[in-house]
Amino acid sequence: MPEPITEHVNSIAEVRNSFADAVGRARYSNGATVLTSRGKRVAAIVSMDFYEQALEALGMAAVPAEPDEK
């Protein structure tokens with residue numbers, strides 16, 4: 001059985017001030033940070049391993065976005 005993911009829930013404003021902590025949790029400690037906006041869960045910061053496994057399990061592939069024109 002896979003190891004459970006520790007879920008941290010923070011508002012986008014809170015994560016904006018400690019983004020490196022959220023990335024570190026995902027990268028080094030198998031943790032996820034769920035971002036909220038006005039109390040609603042809107043996104044998650046997870047490790048690349050988790051993301052790639054999720055895509056594979058869903059039979060999906062990521063397509064690179066077009067570069068932003070400035």
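Just the heavy atoms: all of them, side chains too, but no hydrogens, waters or symmetry mates, feed the values below. From a predicted model like this one, the values you see are computed outputs, not experimental measurements.
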Next on the checklist: Are Val42 and Phe50 linked, directly or through intermediate hydrophobic residues, by side-chain heavy-atom contacts shorter than 4.5 Å (ILVMFWY only)?
Outcome noted: no

Next on the checklist: Using 0.5 Å steps for rounding, measure from the NE2 atom of His8 to the OG atom of Ser18.
Outcome noted: 11.0 Å

Checklist entry - Which distance, rounded to the nearest 0.5 Å, do you find between the CZ of Arg25 and the CZ of Arg27? => result 15.0 Å

Checklist outcome for this item: In short, Ala32 meets Val46 closest at the heavy-atom pair CB-CG1, 3.8 Å

Item to check | CA sep, side-chain torsions, deciding dist, call: Val9, Arg41, side chain to side chain contact (heavy atoms under 4.5 Å, CB included) | outcome: CA-CA 8 Å; Val9 179; Arg41 296 159 67 96; 4.0 Å; yes

Checklist entry - To the nearest 0.5 Å, how far apart are CG in Leu58 and CD in Gln53? => result 11.5 Å

Next on the checklist: Filter on salt bridge (charged side-chain N to carboxylate O under 4.0 Å, His left out), then keep only pairs touching residues 44-66, sequence neighbours left out; what's left?
Outcome noted: none

Checklist entry - Would a 4.5 Å heavy-atom cut-off, applied to side chains only, mark Asp21 and Thr33 as touching? => result no

Next on the checklist: Please check: side-chain N/O of Ser37 versus main-chain N/O of Lys40, any donor-acceptor pairing under 3.5 Å?
Outcome noted: no

Next on the checklist: Using every non-hydrogen atom in the two residues, find where Ser47 and Ala26 come nearest and quote the distance to one decimal.
Outcome noted: CB-O, 3.1 Å

Checklist outcome for this item: CD1 of Ile12 to CG of Leu35, rounded to nearest 0.5 Å, is 5.5 Å

Next on the checklist: Would a single hydrophobic cluster contain both Val23 and Tyr28, if residues Ile, Leu, Val, Met, Phe, Trp and Tyr are joined by side-chain heavy-atom contacts under 4.5 Å?
Outcome noted: no

Checklist entry - Within a strict 4.5 Å, meaning less than it, do heavy atoms of the Phe19 and Ile45 side chains meet? => result yes

Checklist entry - For the side chain of Thr36 and the backbone of Gly39, is there at least one donor-acceptor N/O pair under 3.5 Å apart? => result no

